[in-house]
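Owing to the predicted nature of the structure, the values given are computational and were not obtained by experimental measurement. Each chain gets a letter, A, B and so on, in the order the sequences are listed, and its residues count up from 1.
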Number of protein chains: 2
Amino acid sequence: MLMSDARSPQSLSIKDPSFDEAASVLRRSLSTRRLIIVVGNCRVDYEGRANSSLDWGERVLIVKKDGSVLVHRSSGYEPVNWQPSKCLFRIEAEKESLHIVAARPQQRETLSLHFNRILSVDSYELSDRGEFNLYVSEEQMKEAILARPDLIEEGFRPIVSEKNLGEAGFTDIMGEDSSSNLVVVEIKRVPAGKESVAQLNRYLNSIRKNLRRGLRGIIAAPELRKGTQGLLATMNLEFREVSPQKCAEILAQRQTRKISEFLRE
Amino acid sequence: MLMSDARSPQSLSIKDPSFDEAASVLRRSLSTRRLIIVVGNCRVDYEGRANSSLDWGERVLIVKKDGSVLVHRSSGYEPVNWQPSKCLFRIEAEKESLHIVAARPQQRETLSLHFNRILSVDSYELSDRGEFNLYVSEEQMKEAILARPDLIEEGFRPIVSEKNLGEAGFTDIMGEDSSSNLVVVEIKRVPAGKESVAQLNRYLNSIRKNLRRGLRGIIAAPELRKGTQGLLATMNLEFREVSPQKCAEILAQRQTRKISEFLRE
DNA sequence: ACGTCGATCTCGAAC
DNA sequence: GTTCGAGGTCGACGT
């Protein structure tokens, strides 16, 4: 190893490298788990769960320090080819090309790239401890409903969440209403369509047998997609408007209460 | 515009640019629809279908020529934040930071980035006309079965593909066996589990009423996930091993035949 | 390891 | 425009 880790710069960039240079940077960056960006003319072949080939063209290759691989074209949100993390690599500089193979050993999946021209190779040591927070997931809507069951209706009492129904899957929330009917709540963060109705119906069907009391199914979502109302009525199911925004407010309140309780102790 | 498109280089790279320089490169690259890579210390806020915040850290920002945006951390296949194509941008160089806003007007979604240090800005004009081909999708397995119905069984005759059953969805293939039973085939490219059984059963149930002849349901997949065999037997359904590889060979043959037929004309 | 489900899913096709 | 299903989905969580 010519360059010690301590002295390696945070970023390293070579324009128009030779294939040998590129291979050298790649190998060193992989072993020191840096993020690598290669831009150049390449073709890509994938073999695994399916097979794909991508003819010659200029693209961006990113290899991350966890061994994930992305091949991006000049357009499109999604990578044209990729490999999830924990890949193993083989790098070979040939006379007229650079050959990179990224393999996932257990899944028997390989991604193979041939570069016949490299515009640039960049390697970065990225320091990133920043916390990522996502607000108002379906999970958080569930928390909000558990904290404030009247979001479903007055007198609703949750009993269990994520009840395993075996075949049918998992209910989001099960509980009782004020008349002791069993209530199954299906939560959606986005407007609910017929697939949500089908899902809820599956849950109810798997519960209905052997049940001695009333059973209600409620979809809690910001809205129903059009055409879903009729289906819901046919199935004798119900809808409650529960918006992610409202849930966020409730969770924020709960957070505030937590803090105030802490201060009083 | 200081630099004409004709004279702009295929790749442009600035290390440790000032915020003004970075903003200038970004604006120019956006207007000329080049692919842009910015590496630096940033925080990211997203508001739209959900909300998210990402604290300071060093990341890779990619803006593509269709207006899609990717923010990648040093690990992980998926971008931590993103925006699909057709974004509109606002770029502002401030005293101590570069502010980038990528908005999707109709979806009311915005992604906001603040950089307080920029390691590099790179802009590329990528030429990429390469064709992408994915082999052995479920669609292609269907084609293979339609081309060679004996993949299902000797004497199987497909009648329709993608038959709409309304409520229940679409069958992959419907046909008849040698005893004139109606046969519904559900194709899976990956090992079939109980959800495939349920799906096939839905199709059969929606057909069974008013049917005067025998009805069979067959799952065509490379294999059954374990535990699925019993369910299949209980439901009186059947399984045929149909591998994507075999389908690929058949499609390749068909392709060959096409070519040979062409040569004979 | 397998199974299930959510996702700012994205993308495309059909209606 | 909306709806619907597929995806090399990925990733997380549970068994």
Side-chain angles (χ1 to χ4, degrees), chain A residues 44-52 66 68-71 75-85 104 106-111 132 134-142 162 164-172 186-196 198-199 202 224-228 231 244, chain B residues 44-52 54 68-71 75-86 102 104 106-111 132 134-142 162 164 167 169-170 172 187-196 198-199 225-228 244:
Chain A
V44 190
D45 293 280
Y46 160 76
E47 287 182 25
R49 285 166 289 180
N51 303 294
S52 75
D66 59 355
S68 48
V69 180
L70 306 164
V71 182
S75 291
Y77 159 79
E78 293 184 324
V80 61
N81 279 113
W82 71 92
Q83 209 61 302
S85 59
R104 293 211 291 168
Q106 42 241 51
Q107 281 81 1
R108 310 258 176 190
E109 274 187 307
T110 57
L111 188 66
F132 178 73
L134 182 69
Y135 309 104
V136 209
S137 57
E138 185 175 311
E139 175 65 23
Q140 290 179 302
M141 287 181 70
K142 194 175 70 185
E162 299 292 330
N164 189 342
L165 299 178
E167 282 294 314
F170 293 77
T171 61
D172 286 331
E186 175 62 27
I187 302 169
K188 290 291 157 190
R189 194 181 41 77
V190 291
K194 62 172 83 167
E195 78 291 349
S196 303
Q199 197 174 356
R202 259 212 327 277
L224 288 180
R225 290 206 295 247
K226 64 185 183 190
T228 311
L231 183 59
Chain B
V44 189
D45 294 279
Y46 160 75
E47 286 181 28
R49 286 165 290 180
N51 302 292
S52 75
L54 176 61
S68 48
V69 180
L70 306 164
V71 182
S75 292
Y77 158 79
E78 294 186 323
V80 60
N81 281 112
W82 71 91
Q83 208 63 301
S85 60
K86 293 165 192 131
R104 293 209 292 166
Q106 38 241 54
Q107 281 82 1
R108 307 260 177 193
E109 269 186 311
T110 57
L111 187 67
F132 178 74
L134 183 68
Y135 307 104
V136 209
S137 58
E138 188 174 308
E139 175 65 24
Q140 288 179 302
M141 287 182 69
K142 194 175 70 185
E162 299 289 331
N164 190 344
E167 281 293 311
F170 293 78
D172 287 330
I187 302 169
K188 289 292 157 188
R189 192 180 42 75
V190 291
K194 60 176 88 168
E195 78 290 347
S196 302
Q199 196 174 355
R225 290 207 296 251
K226 64 182 182 191
T228 311

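Open room surrounds CD on A:Glu47; 12 or fewer heavy atoms of other groups in view lie less than 6.0 Å from it.
Nearest-nucleotide positions on DNA chain C for A:Lys188 and A:Gln106 put A:Gln106 closer to the 5' end. In terms of position along DNA chain D, the nucleotide closest to A:Leu224 lies nearer the 5' end than the nucleotide closest to the other residue of the pair B:Glu138 and A:Leu224. Nearer the 5' end of DNA chain D, as judged by each residue's closest nucleotide, is the contact made by A:Arg225, out of A:Ala50 and A:Arg225.
Taking atom C1' in both C:dG6 and C:dT10, the straight-line distance is 14 Å, to the nearest Å.
Not one N or O on the side chain of A:Asn81 forms a donor-acceptor pair closer than 3.5 Å with the backbone of A:Val71.
The residue A:Ser52 sits apart from the nucleic acid: no heavy atom pair falls under 4.0 Å. Contact annotation for A:Lys142: no contact, since no heavy-atom pair falls under 4.0 Å across all strands.
Rounding to the nearest 0.5 Å places CD of B:Glu78 at 10.5 Å from OG of A:Ser68. Distance check: B:Glu195 CD to B:Thr228 OG1 gives 7.5 Å after rounding to the nearest 0.5 Å.
Between B:Leu134 atom CG and D:dA6 atom C1' the separation is 11 Å, expressed in whole Å. Counting to the nearest Å, the P atom of D:dC4 and the CD atom of B:Glu139 are 20 Å from each other. If you measure from atom CD of A:Gln107 to atom C1' of D:dG8, you get 11 Å, rounded to the nearest angstrom. Rounded to whole Å, the distance from OH on A:Tyr46 to P on D:dG8 is 8 Å. Regarding A:Asp172, its CG atom lies at a distance of 16 Å from the P atom of C:dT4, rounded to whole Å. We find that CG of A:Asn51 is positioned 14 Å from P of D:dG7, with the value rounded to whole Å.
Between B:Arg189 and B:Glu138, none of the side-chain N atoms (NZ, or NE/NH1/NH2) sits under 4.0 Å from a carboxylate O, so this pair counts as no salt bridge.
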Enumerate the protein-to-nucleotides 9-11 of chain D contacts in which both atoms are nitrogen or oxygen and the separation is below 3.5 Å.
residue : atom : partner  : partner atom : Å
D:dT9   : OP2  : B:Arg189 : NH2          : 2.2
D:dC10  : OP1  : A:Arg49  : NH2          : 2.8
D:dC10  : OP1  : A:Trp82  : NE1          : 3.2
D:dC10  : OP2  : A:Arg49  : NH1          : 2.8
D:dG11  : OP1  : B:Tyr77  : N            : 3.4

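Nearest heavy atoms, A:Asp66 versus B:Gly76: OD2-N, 2.6 Å.
Side-chain proximity of B:Glu195 to D:dC4, D:dG8, C:dT4: nearest is C:dT4.
Ring stacking is absent between A:Phe170 and C:dC5, as the pair misses the limits of under 5.5 Å between centres and under 30 degrees between planes.
Checking A:Gln83 against B:Tyr77 by side-chain atom types alone, no donor-acceptor pair falls below 3.5 Å.
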